[in-house]
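The next block holds one structure in the form of structure tokens; read it before the comments.
What's counted below: heavy atoms across the whole structure, side chains too, no hydrogens, waters or symmetry copies. Chain letters run A, B, ... following the sequence lines, proteins first, then strands; residues in each count from 1. Predicted, not measured: the structure shown is a model, and the values here were computed from it.
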2 protein chains.
Amino acid sequence: MGQETVKTRRKPRADSLRNRELLLEAATHVFSTGGPQASLEAVARRAGVGIGTLYRHFPTREALFEAVYRHEVDHLADLAGLLSFEPDPVEALRQWLHANVRLVAAKKGMIQGLQLVAHGSSELKAYSFERLTEAVGLLLGRGVAAGELRADITPEDLLRTLLGIFYSQGTADWQPAALRLVDVFVDGLRKR
Amino acid sequence: MGQETVKTRRKPRADSLRNRELLLEAATHVFSTGGPQASLEAVARRAGVGIGTLYRHFPTREALFEAVYRHEVDHLADLAGLLSFEPDPVEALRQWLHANVRLVAAKKGMIQGLQLVAHGSSELKAYSFERLTEAVGLLLGRGVAAGELRADITPEDLLRTLLGIFYSQGTADWQPAALRLVDVFVDGLRKR
DNA sequence: TATTTATACGGAGGATGCCTCCGTTTATCA
DNA sequence: TGATAAACGGAGGCATCCTCCGTATAAATA
């Protein structure tokens, strides 16, 4: 009972799970440093596993990229959950948006990466859009409920604005400008 | 007299010029089909020259990419010149903008390519921005002079809007939507 | 606990691409 | 019609990609 499949299946091997996690961590680091075309063998080396193991878990570069992306999205979503306990709701939202900037900034290749992803499965797009919308909706809703934020901005608007800020910037030294723009935007969201 | 350099220099060899052109054509096709990471050897093969010749003309992938991009920009600029003889100025502008969409659509990797370029020399950015601004200014100016287009839109605004339309679209099947948006925009430009 | 077996592991190896180097070819110039 | 500067082609060394399969090991079973 409670078994998902009809046939009883062995539970996944512990080393498999561990290696998958190691690979994701390594990939995040390697892609951040070397851009999205970085060597997959370098990823395997850093994770301390054979190249075969990498390919078994992620048959293509895109599969690995998707997994990394999902990982990051989940990370941001979890962070929103944590920040929802922050006493000041506006500050919580601001911090979350800043985390977005930092996360994208941390990986030079991410903008190109996002485009690779955009070419890929629309299921992934739907998934990430949904999770991030939910995350930002949570933080936004708290601010609205507290009467501190205007109520006519949807989470989707906010997400799109964020993306727009990322895209509109020149690639060099864009981070400070993006952070400033985010702050301006959050200020604009305040009820007066 | 009339010689650019102090020392008299041989004029460039005919085969060199021809091969350069062949390579640019081949590169345009190969990058359009296979994206910006397509094999440079494939480019040389398609141009019917040795790989060494490719590298002599374009020492790096980026150099080749820049040259292709310049080539396309020049192409669009020339097209604007041609279209300026079209009797209906609004139609001319519309056609030029559509050509932009088609050109970007024709090469799947172009959006990523533009980002590569954005990382690259700002001289190239300046050059292309100038040429395209001039081109669109020509077409726009005719419409304004004929009293058919509103006068408060600058060529820069129009270019930026065009870029915005390209970026905001999802990558799959974006072309029809982009064409529609361009038409809407051109309609909006009309004086009423 | 000992044995079985499904599952995962590592890395050798063939294919392909990158880029350099240099002997050969050829277009220009005298 | 030479002489020669300039360009050509592609072999070769190295890196990466990805597959395949013999070996190792965690979970299941007795």
Side-chain angles (χ1 to χ4, degrees), chain A residues 1-27 29-31 33-68 109 112-113 116, chain B residues 1-27 29-31 33-68 109 112-113 116:
Chain A
M1 286 243 314
Q3 205 68 15
E4 294 274 337
T5 48
V6 178
K7 278 276 180 191
T8 301
R9 302 191 63 78
R10 282 189 172 188
K11 79 178 168 190
R13 281 172 54 157
D15 54 350
S16 175
L17 262 47
R18 183 164 27 86
N19 280 336
R20 190 192 150 85
E21 209 57 31
L22 285 172
L23 280 167
L24 279 180
E25 261 176 61
H29 180 270
V30 170
F31 285 144
T33 312
Q37 78 295 337
S39 153
L40 295 187
E41 320 226 338
V43 172
R45 270 197 298 277
R46 173 165 246 267
V49 306
I51 184 69
T53 298
L54 184 153
Y55 276 99
R56 197 168 330 97
H57 282 285
F58 310 102
T60 67
R61 179 181 292 269
E62 279 65 37
L64 178 54
F65 217 88
E66 273 203 30
V68 169
Q112 294 168 51
L116 286 181
Chain B
M1 283 229 331
Q3 207 69 13
E4 295 274 335
T5 48
V6 178
K7 276 278 178 189
T8 301
R9 302 192 63 77
R10 282 188 173 188
K11 80 177 166 189
R13 282 175 53 158
D15 54 350
S16 175
L17 264 47
R18 182 162 28 85
N19 281 336
R20 192 194 148 85
E21 209 57 32
L22 285 173
L23 281 167
L24 278 180
E25 261 175 62
H29 179 269
V30 169
F31 285 144
T33 312
Q37 76 297 335
S39 151
L40 295 188
E41 318 226 339
V43 173
R45 272 196 299 276
R46 174 165 245 265
V49 306
I51 185 67
T53 299
L54 185 153
Y55 276 98
R56 197 167 330 95
H57 283 284
F58 309 103
T60 66
R61 178 181 291 269
E62 279 64 39
L64 178 53
F65 217 88
E66 273 203 31
V68 168
Q112 293 169 52
L116 286 180

Is any side-chain N or O of [X] closer than 4.0 Å to OP1 or OP2 of [N]?
{"X": "Ser39(A)", "N": "dA15(D)", "value": "no"}
{"X": "Arg61(A)", "N": "dC17(D)", "value": "yes"}
{"X": "His57(A)", "N": "dC9(C)", "value": "yes"}
{"X": "Asn19(B)", "N": "dC8(D)", "value": "yes"}
{"X": "Thr53(A)", "N": "dA8(C)", "value": "no"}
{"X": "Arg13(A)", "N": "dA6(C)", "value": "no"}

Under the criterion side-chain contact (heavy atoms from CB on, under 4.5 Å), I'd like the reasoning laid out for Leu64(A) against Tyr55(A): C-alpha separation, chi angles, the key distance, then a yes or no.
CA-CA 9 Å; Leu64(A) 178 54; Tyr55(A) 276 99; over 6 Å; no
Applying side-chain contact (heavy atoms from CB on, under 4.5 Å), run through Arg20(B) and Phe58(B) and close with a yes or a no.
CA-CA 9 Å; Arg20(B) 192 194 148 85; Phe58(B) 309 103; 3.6 Å; yes
Without decimals, in angstroms, what is the distance between [X] [atom1] and [N] [atom2]?
{"X": "Leu64(A)", "N": "dT16(D)", "atom1": "CG", "atom2": "P", "value": "16 Å"}
{"X": "Leu54(A)", "N": "dT19(D)", "atom1": "CG", "atom2": "P", "value": "12 Å"}
{"X": "Arg20(B)", "N": "dC8(D)", "atom1": "CZ", "atom2": "P", "value": "12 Å"}
{"X": "Tyr55(A)", "N": "dT7(C)", "atom1": "OH", "atom2": "C1'", "value": "21 Å"}
{"X": "Gln37(B)", "N": "dT16(D)", "atom1": "CD", "atom2": "P", "value": "17 Å"}
{"X": "Lys11(A)", "N": "dT25(D)", "atom1": "NZ", "atom2": "C1'", "value": "15 Å"}
{"X": "Leu40(A)", "N": "dG11(C)", "atom1": "CG", "atom2": "C1'", "value": "16 Å"}

Where the side chain of Glu41(B) is concerned, which of dC18(C), dA8(C), dC8(D) is the nearest nucleotide?
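Nearest to the side chain of Glu41(B) among the choices is dC18(C).
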Given dT19(D), dG9(D), dC19(C), which nucleotide is nearest the side-chain atoms of Ile51(A)?
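Of all the options, the side chain of Ile51(A) is nearest to dT19(D).
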Going by modelled atom types, is there a donor-acceptor pair between the base of dT5(C) and the side chain of Arg10(A) at under 3.5 Å?
yes
Any side-chain heavy atom of Gln37(B) within less than 4.5 Å of one from Gln37(A)?
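Gln37(B) vs Gln37(A): side chains apart.
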Under 3.5 Å donor-acceptor, Arg18(B) side chain and Arg13(B) backbone:
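No; judged by distance alone, with no hydrogens or angles, the pair does not exist.
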Identify, between Arg45(B) and Arg18(B), the residue whose nearest nucleotide on DNA chain C lies closer to the 5' end.
Arg45(B)
Inter-residue atom distance Leu54(B).CG - Arg45(B).CZ, 0.5 Å rounding:
11.5 Å
